[in-house]
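Below is one structure, written out as structure tokens, with a few remarks after it.
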Amino acid sequence: MFDSIELESNMGMQLKNDMKNNPHLYGTYSSYELDLVRLGGMIVKLFKRNKAKKKIVQPITYYQLDSLFESSQLFNKKLLTKNLNIPEEYKYLYLEYCSAQSYKSDLSKEHNEMVLLDSLINSSQEFLKILKEYKED
């Protein structure tokens, strides 16, 4: 059964919501062809939306990496020396090199371990190339 009252109230509610979301489509316009008040309001709305706080991501530091290799079960001395092939005497230099790569500090969290491991593997290969070139000179 068709209920015209319910249809009219739904349409009225939709129209009110659309007028609220798109006032520039429904408002009256100035006789001067430029409504400065409305234009100013729209500009203010733009700047209010852009003021959302941006999360600043800090790079991982040498101390965070050192602490991670001292306390983690996955990231340990064996991983450095056996898997990544970093000589024991260059361990700290390698950690410094990794911190200079500016990896995100979020990678030290448990749910990002595999991403950090992949980054460390890539860094170890680059570090070993640099070390080899240095020793040849």
Side-chain angles (χ1 to χ4, degrees):
M1 177 180 261
F2 180 70
D3 188 5
S4 64
I5 296 173
E6 184 179 334
L7 179 65
E8 190 175 319
S9 67
N10 286 343
M11 290 291 285
M13 189 62 106
Q14 287 177 351
L15 183 60
K16 284 181 184 179
N17 285 338
D18 195 44
M19 288 174 84
K20 180 180 175 185
N21 294 332
N22 300 307
H24 61 282
L25 298 175
Y26 297 98
T28 58
Y29 292 98
S30 171
S31 60
Y32 301 109
E33 303 216 7
L34 181 63
D35 190 354
L36 295 177
V37 174
R38 179 174 288 139
L39 183 62
M42 293 170 85
I43 291 172
V44 168
K45 282 184 182 177
L46 284 175
F47 285 112
K48 282 185 178 177
R49 289 182 187 160
N50 290 335
K51 283 191 173 183
K53 289 187 177 182
K54 295 179 182 177
K55 184 179 177 185
I56 299 173
V57 178
Q58 297 292 332
I60 196 164
T61 65
Y62 167 81
Y63 298 107
Q64 288 173 319
L65 284 172
D66 188 38
S67 156
L68 182 67
F69 275 94
E70 294 297 324
S71 62
S72 175
Q73 290 181 359
L74 175 63
F75 300 103
N76 54 29
K77 183 178 176 181
K78 182 179 177 185
L79 176 77
L80 273 175
T81 57
K82 302 290 183 198
N83 300 95
L84 299 178
N85 298 322
I86 303 298
E88 179 69 30
E89 62 270 12
Y90 293 108
K91 170 188 171 183
Y92 300 109
L93 185 61
Y94 171 70
L95 294 179
E96 190 68 44
Y97 176 79
C98 289
S99 68
Q101 300 304 310
S102 298
Y103 298 129
K104 296 177 184 176
S105 62
D106 296 356
L107 294 179
S108 63
K109 295 180 179 170
E110 192 170 323
H111 63 276
N112 289 329
E113 284 180 338
M114 291 300 123
V115 178
L116 179 60
L117 181 61
D118 184 52
S119 301
L120 292 175
I121 290 171
N122 292 334
S123 291
S124 70
Q125 293 168 351
E126 295 168 6
F127 180 78
L128 291 172
K129 284 180 187 176
I130 293 170
L131 192 60
K132 183 179 178 185
E133 290 174 4
Y134 174 74
K135 286 183 176 181
E136 288 177 355
D137 289 341

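Leu117 CG to Asn112 CG: the interatomic distance, rounded to the nearest 0.5 Å, is 12.0 Å. In this structure, the separation between CG on Leu131 and CG on Asn85 is 11.5 Å, given to the nearest 0.5 Å. Here the straight-line distance linking atom CD of Gln73 with atom CD of Glu113 works out to 9.5 Å at 0.5 Å rounding. Residue Leu80 holds its CG atom at 15.0 Å from OH of Tyr90, rounded to the nearest 0.5 Å. In this structure, CD1 on Ile86 lies 9.5 Å from OG1 on Thr81, to the nearest 0.5 angstrom. Note: Gln64 CD to Gln58 CD = 9.0 Å, rounded to the nearest 0.5 Å.
One finds no salt bridge joining Lys129 and Glu136 here, because no Lys/Arg side-chain nitrogen approaches an Asp/Glu carboxylate oxygen to under 4.0 Å.
Residues Tyr134 and Leu84 do not share a hydrophobic cluster, clusters being chains of Ile/Leu/Val/Met/Phe/Trp/Tyr side chains in contact below 4.5 Å.
Taking the side-chain contact (heavy atoms from CB on, under 4.5 Å) definition, one finds that Ser123 meets it with Tyr94, Tyr97, Cys98, Gln101, Tyr103, sequence neighbours left out.
Phe75 places a side-chain heavy atom less than 4.5 Å from the side chain of Leu116. Side-chain contact between Ser67 and Thr61 is absent, with no heavy-atom pair separated by less than 4.5 Å. Contact annotation: the side chain of Glu88 approaches that of Lys77 to within less than 4.5 Å [non-hydrogen atoms, C-beta and beyond]. Residues Asn76 and Phe69 form no side-chain contact, since every pair of their non-hydrogen atoms from C-beta on lies 4.5 Å or further apart.
Within 6.0 Å of the CD atom in Glu110, the count of heavy atoms belonging to other residues, nucleotides or ligands does not exceed 12. Within a 6.0 Å sphere centred on NZ of Lys91, heavy atoms belonging to other residues, nucleotides or ligands number more than 12.
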